[in-house]
Amino acid sequence: MTTQTDDQRVDGRTARRDRNKLAVLDAVIELFSESNLSPGVHEVAARSGVSLRSVYRYFEDVDDLVAAAIERQIEKTRPLFEMPELGEGPLSERIDRFAMRRAGLFEAVRDIYRASIIRLADESQVSAGLTQVRGWMGHQTARMFEPELAAMDPDQARVVELTLDTLTQFDALEHLRSGRGLDAEDVVTHLRDAVTRLLV
């Protein structure tokens with residue numbers, strides 16, 4: 001008969017705790033996808049199958065729980081944030097690649113973006129994260145179209161770069177989806193056409 005050592009028991013508890021914690025975070029993400037952007041702890045516990053007591057043991061409060069869920073979804077989608085060969089290749093190819101990649105990224109993170117927006121005023125961690133993502137996206141856009149911007153006079157380049165940045169941020173993409181009723185494919189087409197008009 002084999003018996004567990006103390007280390008094995010600790011490892012088992014740690015693994016179970018990690019599984020439960022991820023189940024809780026995935027439950028929050030799932031609730032976001034159902035347009036429940038402010039889920040309560042009772043709802044999360046019921047959806048995840050983890051006890052209410054355990055949820056409170058893993059997270060200080062709802063804000064901490066939601067912030068952790070947002071971070072988990074960002075980590076899961078992190079490869080989509082990368083855009084290979086920035087500034088390389090013919091302009092039409094770069095525009096197409098950029099439009100597809102940026103719109104695809106938005107669709108993958110749209111639910112957590114919407115959940116983040118409603119927390120901007122109250123949660124500094126969420127606000128700082130969104131500010132960082134916006135800055136990173138603007139830098140990525142400028143690098144993708146650096147050859148065209150460099151060929152313009154500085155004043156024109158500044159206006160075009162700001163317009164490109166505004167047009168391709170999540171805020172604008174959410175407006176296209178929710179405010180203007182475009183579907184995901186229409187958003188790609190709109191991005192492709194709008195960026196082309198600015199740069200050609």
Side-chain angles (χ1 to χ4, degrees), residues 4 6-83 100-137 140 168-188 191:
Q4 285 188 321
D6 288 342
D7 285 345
Q8 288 173 325
R9 280 192 291 272
V10 169
D11 288 345
R13 283 195 299 271
T14 300
R16 184 169 58 253
R17 179 185 185 279
D18 290 345
R19 282 195 305 271
N20 287 346
K21 190 172 181 179
L22 291 180
V24 169
L25 296 178
D26 288 339
V28 175
I29 294 167
E30 191 176 299
L31 289 164
F32 285 168
S33 73
E34 297 169 5
S35 295
N36 183 350
L37 302 180
S38 297
V41 178
H42 286 81
E43 294 173 283
V44 173
R47 179 64 62 95
S48 66
V50 175
S51 72
L52 190 63
R53 180 180 175 186
S54 292
V55 174
Y56 277 116
R57 192 163 59 240
Y58 302 148
F59 304 98
E60 290 182 14
D61 51 32
V62 165
D63 292 343
D64 184 40
L65 170 59
V66 168
I70 290 170
E71 181 59 31
R72 172 160 169 74
Q73 184 66 1
I74 288 174
E75 284 301 317
K76 288 169 69 175
T77 58
R78 193 163 297 282
L80 297 178
F81 280 81
E82 300 301 322
M83 196 172 297
M100 291 284 291
R101 195 76 175 187
R102 181 60 59 85
L105 169 61
F106 176 65
E107 289 302 316
V109 300
R110 185 181 179 203
D111 296 325
I112 63 164
Y113 164 78
R114 293 168 66 215
S116 298
I117 286 298
I118 65 175
R119 291 172 170 80
L120 276 181
D122 300 323
E123 296 182 35
S124 59
Q125 184 179 353
V126 171
S127 178
L130 273 177
T131 298
Q132 183 179 24
V133 168
R134 285 170 175 153
W136 172 84
M137 289 172 68
Q140 186 182 63
T168 60
Q169 288 286 341
F170 289 160
D171 310 76
L173 301 183
E174 175 61 20
H175 174 64
L176 292 174
R177 293 287 272 116
S178 295
R180 300 304 298 267
L182 274 62
D183 64 21
E185 188 175 332
D186 289 337
V187 169
V188 174
L191 282 184

Closest heavy-atom pair and its distance - [X], [Y]:
X: Ala27; Y: Val44; value: CB-O, 3.9 Å
X: Arg177; Y: Asp183; value: NH1-CA, 3.6 Å
X: Asp111; Y: Leu37; value: O-CD2, 4.0 Å
X: Arg114; Y: Ser35; value: NH1-OG, 3.9 Å
X: Ala69; Y: Ile29; value: O-CD1, 3.6 Å

Applying side-chain contact (heavy atoms from CB on, under 4.5 Å) to Leu191 and Leu173, what does each step give before you reach the verdict? CA-CA 9 Å; Leu191 282 184; Leu173 301 183; 4.0 Å; yes
Look up atom [atom1] in [X] and atom [atom2] in [Y], then write down how far apart they are to the nearest 0.5 Å.
X: Arg134; Y: Leu130; atom1: CZ; atom2: CG; result: 5.0 Å
X: Glu107; Y: Leu80; atom1: CD; atom2: CG; result: 11.5 Å
X: Ile112; Y: Glu71; atom1: CD1; atom2: CD; result: 8.5 Å
X: Leu22; Y: Arg17; atom1: CG; atom2: CZ; result: 10.5 Å
X: Glu43; Y: Asn36; atom1: CD; atom2: CG; result: 4.5 Å
X: Gln140; Y: Met83; atom1: CD; atom2: CE; result: 4.0 Å

What verdict does the side-chain contact (heavy atoms from CB on, under 4.5 Å) test give for Thr14 and Asp18, after you've listed the backbone C-alpha separation in whole Å, the side-chain angles of each residue and the deciding distance to 0.1 Å? CA-CA 6 Å; Thr14 300; Asp18 290 345; 3.8 Å; yes
Ser178 side chain vs His175 backbone, donor-acceptor pair below 3.5 Å: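 Answer holds: no.
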Indicate yes or no: at least one non-hydrogen side-chain atom of [X] is less than 4.5 angstrom from one of [Y].
X: Val133; Y: Met137; value: yes
X: Phe106; Y: Arg102; value: no
X: Asp171; Y: Tyr113; value: yes
X: Phe32; Y: Val66; value: yes
X: Phe81; Y: Val109; value: yes
X: Leu25; Y: Tyr58; value: no
X: Arg47; Y: Glu34; value: yes
X: Asp186; Y: Arg180; value: no

Give a yes-or-no answer on whether the side chains of Arg16 and Ser54 include a donor-acceptor pair shorter than 3.5 Å.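 Judged by distance alone, the side chains do not pair up.
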Could you go through Asp61 and Val41, starting from their C-alpha distance and side-chain angles, then the distance that decides it, and tell me whether this counts as side-chain contact (heavy atoms from CB on, under 4.5 Å)? CA-CA 9 Å; Asp61 51 32; Val41 178; over 6 Å; no
CD (Gln132) with more than 12 external heavy atoms under 6.0 Å: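 Atom CD in Gln132 is not crowded, with 12 or fewer foreign heavy atoms closer than 6.0 Å.
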Apply the test side-chain contact (heavy atoms from CB on, under 4.5 Å) to residues Ser51 and Arg57: give CA-CA distance (whole Å), side-chain angles for both, the deciding distance (0.1 Å), then the verdict. CA-CA 10 Å; Ser51 72; Arg57 192 163 59 240; 5.6 Å; no
Test salt bridge (Lys or Arg N to Asp or Glu O under 4.0 Å) on Glu75 and Arg78 and set out the steps. CA-CA 5 Å; Glu75 284 301 317; Arg78 193 163 297 282; 2.6 Å; yes
